[in-house]
Amino acid sequence: MRILKCAVVTDFSSETFQAARKKYSLRRSDRYTALVLAAAGKVLDAVPDVSGDTGVIVASSFGPHRTTCAFLDDLLDFREEDVMPTTFSHSVHNAAASYAASAFGLRGPEFTLTGFENLFYEALRTAELCGALCSRMLVVSVEENALMTEEIANHVRRIPPEGAAAFLVSPGESGNGLIFQEDAPELTPFELAERIRNNQLPVYIGKGKRI
């Protein structure tokens, strides 16, 4: 698998959020979706002819949990027929991947992966398997922090930092890039992006531990 381009978004202030919503016409989207699009845009805006034969994978341990909790709160306060359908539609885990496919005209396979073990590894492996279906894959690893993740961090486990890391890869190409090896050191998406920026290639990717 060859890495074509990568980008990271970790500073996601309200100004950045509003800029992403305006740039990609995200009139009613939630913050999680804007975070995915902000990272994807840093990778794809400078790549010619990205539409068509390109797929997308969004990987997240918690998904759009802020929006999901907002929808559940509405169910407690209003009747089911009175809750906002927009909130419900954005609570669906695959919504952000669909926004990315629509915003950039991607016509390849579209997936959303969730989990707590080896998630980033599985996302890259899935992108590699998609080499039979398309020539390029956009892989976005994203996490949004809110009340639920703060509580988890206080009582249960360490959680990943808020932000998004996007990678455009070519599954069928060899050469400098990603090499999968079971006993390779654990790498977070942000660590991988840092190595790529420093041109420390190839990068060996192994199955990591629980987050």
Listed partners of Glu194 passing salt bridge (Lys or Arg N to Asp or Glu O under 4.0 Å), at least two apart:
Arg197

With the 4.5 Å side-chain cut-off for hydrophobic clustering, are Leu106 and Val36 part of the same group?
yes

Distance from Leu178 atom CG to Leu192 atom CG, nearest 0.5 Å?
6.0 Å

To the nearest 0.5 Å, what is the distance between CG (Asn176) and CG (Leu201)?
5.5 Å

Do Glu143 and Glu162 make a side-chain contact, defined as non-hydrogen atoms from C-beta onward lying under 4.5 Å apart?
no

Cluster overlap Ile57 with Phe120, hydrophobic side-chain contacts below 4.5 Å
yes

Roughly how far, to the nearest 0.5 Å, is the CG atom of Leu119 from the NZ atom of Lys207?
12.5 Å

Nearest heavy-atom pair of Val56 and Ala100: which atoms, and what distance?
CG2-CB, 4.3 Å

Could I get the full list of side chain to side chain donor-acceptor pair (under 3.5 Å) partners for Thr126, not counting sequence neighbours?
none

Is there side-chain contact between Pro64 and Asp30, with at least one heavy-atom pair below 4.5 Å?
yes

Results of ring-ring contact (aromatic ring centres under 6.0 Å, His included) for Tyr121 - residues two or more places apart only:
Phe180

Approximate separation, where rounding is to 0.5 Å, of Thr54 OG1 and Leu44 CG
7.5 Å

N/O donor-acceptor pair under 3.5 Å between Glu191 side chain and Thr188 backbone
yes

Between the side chains of Asp183 and Gln181, does any donor sit under 3.5 Å from an acceptor?
yes

Any chance the side chains of Glu110 and Ser98 put a donor and an acceptor closer than 3.5 Å?
yes

For Arg21, check salt bridge (Lys or Arg N to Asp or Glu O under 4.0 Å) against everything at least two apart and list the hits.
none

Point-to-point distance, once rounded to the nearest 0.5 Å, from CG of Leu35 to CZ of Phe17
10.0 Å

Sorted by chain and number, sequence neighbours left out, side chain to side chain contact (heavy atoms under 4.5 Å, CB included) with Ala166 holds for Ala39, Val43, Leu138, Val140

If you look at every heavy atom in Phe167 and Cys6, which pair is closest and at what distance?
CD2-CB, 3.5 Å

Pair Arg125 + Glu122: basic N to acidic O under 4.0 Å:
no

Minimum-distance pair of heavy atoms, taken over all atoms of Met1 and Leu124
CE-O, 3.2 Å

Under 4.0 Å between a side-chain nitrogen and a carboxylate oxygen: does that hold for Glu173 and Arg136?
no

Which heavy-atom pair separates Ala7 from Lys42 by the least distance, and what is that distance?
CB-CB, 3.4 Å

Quick one: list whatever passes ring-ring contact (aromatic ring centres under 6.0 Å, His included) with Tyr24, sequence neighbours left out.
Phe104

Could you check if a side-chain atom of Leu37 sits within less than 4.5 angstrom of a side-chain atom of Tyr99, using non-hydrogen atoms only?
yes

Under a single-linkage rule joining Ile, Leu, Val, Met, Phe, Trp and Tyr whose side-chain heavy atoms are separated by less than 4.5 Å, which residues share a cluster with Ile179?
Tyr204

Gap separating the CD atom of Glu117 from the OG atom of Ser61, nearest 0.5 angstrom:
10.5 Å

Give a yes or no on whether the backbone of Pro189 and the side-chain of Ser141 come within a donor-acceptor separation of less than 3.5 Å.
no

Contacts of Pro109 meeting side chain to side chain contact (heavy atoms under 4.5 Å, CB included) (sequence neighbours excluded), chain-then-number -> Phe111, Cys130, Leu133, Cys134, Met137

If you link I, L, V, M, F, W and Y whenever their side-chain heavy atoms are under 4.5 Å apart, who else ends up in the same group as Val8?
Phe190

Does the side chain to side chain contact (heavy atoms under 4.5 Å, CB included) test come out yes or no for Leu187 and Ile205, once each step is laid out?
CA-CA 7 Å; Leu187 282 181; Ile205 299 293; 3.8 Å; yes

Output all residues satisfying side chain to side chain donor-acceptor pair (under 3.5 Å) with Lys23, sequence neighbours left out; order by chain, then residue number.
Asp45

Taking side chain to side chain donor-acceptor pair (under 3.5 Å) as the test, write out the residues that go with Asp53, two or more places apart.
Ser135

Not counting sequence neighbours, which residues clear salt bridge (Lys or Arg N to Asp or Glu O under 4.0 Å) with Arg195? List them please.
none

For Phe62 together with Phe116, are the ring centres under 6.0 Å from each other?
yes

